[in-house]
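Below you'll find the structure, written out as structure tokens, and then a few comments.
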Amino acid sequence: MPTSQAQERQLEAAVQHALKKGIVDLGLREIALEIGTNYRMLINHFGSRAGLLVAVDREVKQHEPQTLAAAYVPSLSG
């Protein structure tokens, strides 16, 4: 099932919030409020709080190697 642009934006917002402030201790309504959406839209796109957390986890793991490499590879110019 292809993802919608709205779902992609919500996932990206949730990932950014998770990386900056965390979301594990938040309920779905709180997550929705923090990322500027409605909890019903999160349910529509991810099925549940657990579904959203799984999607966030997958997204972070998918991009983790690039993020770590960018953060920890010493500069070649120095």
Side-chain angles (χ1 to χ4, degrees):
M1 172 188 263
T3 59
S4 69
Q5 289 181 351
Q7 182 178 0
E8 290 174 14
R9 285 192 304 269
Q10 289 173 349
L11 178 56
E12 180 59 27
V15 166
Q16 292 305 313
H17 193 278
L19 293 174
K20 291 177 184 175
K21 298 181 182 179
I23 61 171
V24 176
D25 294 333
L26 299 178
L28 196 59
R29 289 177 192 261
E30 294 169 306
I31 295 169
L33 182 63
E34 291 288 329
I35 66 172
T37 191
N38 182 295
Y39 82 99
R40 290 178 192 231
M41 292 303 295
L42 293 179
I43 290 172
N44 183 52
H45 290 136
F46 302 101
S48 65
R49 179 183 175 276
L52 174 61
L53 295 180
V54 167
V56 167
D57 182 61
R58 284 185 188 149
E59 189 72 12
V60 169
K61 286 179 179 175
Q62 179 180 352
H63 296 289
E64 186 175 89
Q66 297 93 333
T67 302
L68 291 175
Y72 293 106
V73 173
S75 172
L76 298 176
S77 63

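These numbers were taken from a predicted model, which means no experiment stands behind them.
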Value for CZ (Arg58) from CG (Leu53), rounded to nearest 0.5 Å, stands at 12.0 Å

By side chain to side chain contact (heavy atoms under 4.5 Å, CB included), which residues pair with Arg9, not counting sequence neighbours?
-> Gln5, Ala6

State which residues pass side-chain hydrogen bond (donor to acceptor under 3.5 Å, both in side chains) with Asp57; sequence neighbours excluded, sorted by chain then number.
-> Lys61

Please identify each residue that fulfils side chain to side chain contact (heavy atoms under 4.5 Å, CB included) with Leu33, with sequence neighbours left out.
-> none

Nearest atoms (heavy-atom pairs only) where Leu52 meets Ala14 | CD1-CB, 4.1 Å

Sequence neighbours left out, cut at 3.5 Å: what donor-acceptor pairs do the side chains of residues 41-48 make with other protein atoms?
from  : atom 1 : to    : atom 2 : distance (Å)
His45 : ND1    : Gln10 : OE1    : 2.7
His45 : ND1    : Met41 : O      : 3.2
Ser48 : OG     : Ala50 : N      : 3.4
Ser48 : OG     : Gly51 : N      : 3.0

Residues at least two apart in sequence or cross-chain that pass side-chain hydrogen bond (donor to acceptor under 3.5 Å, both in side chains) with Arg29, listed by chain then number, are Tyr39

Going only through I, L, V, M, F, W and Y residues with side-chain contacts under 4.5 Å, is there a path from Val54 to Val60?
-> no

Sequence neighbours excluded, every pair satisfying side chain to side chain donor-acceptor pair (under 3.5 Å) that has a member inside residues 12-22 | Glu12-Gln16, His17-Glu34

Over all heavy atoms of both residues, which pair between Glu59 and Leu11 is shortest? Give the atoms and the distance, please.
-> OE1-CD2, 3.9 Å

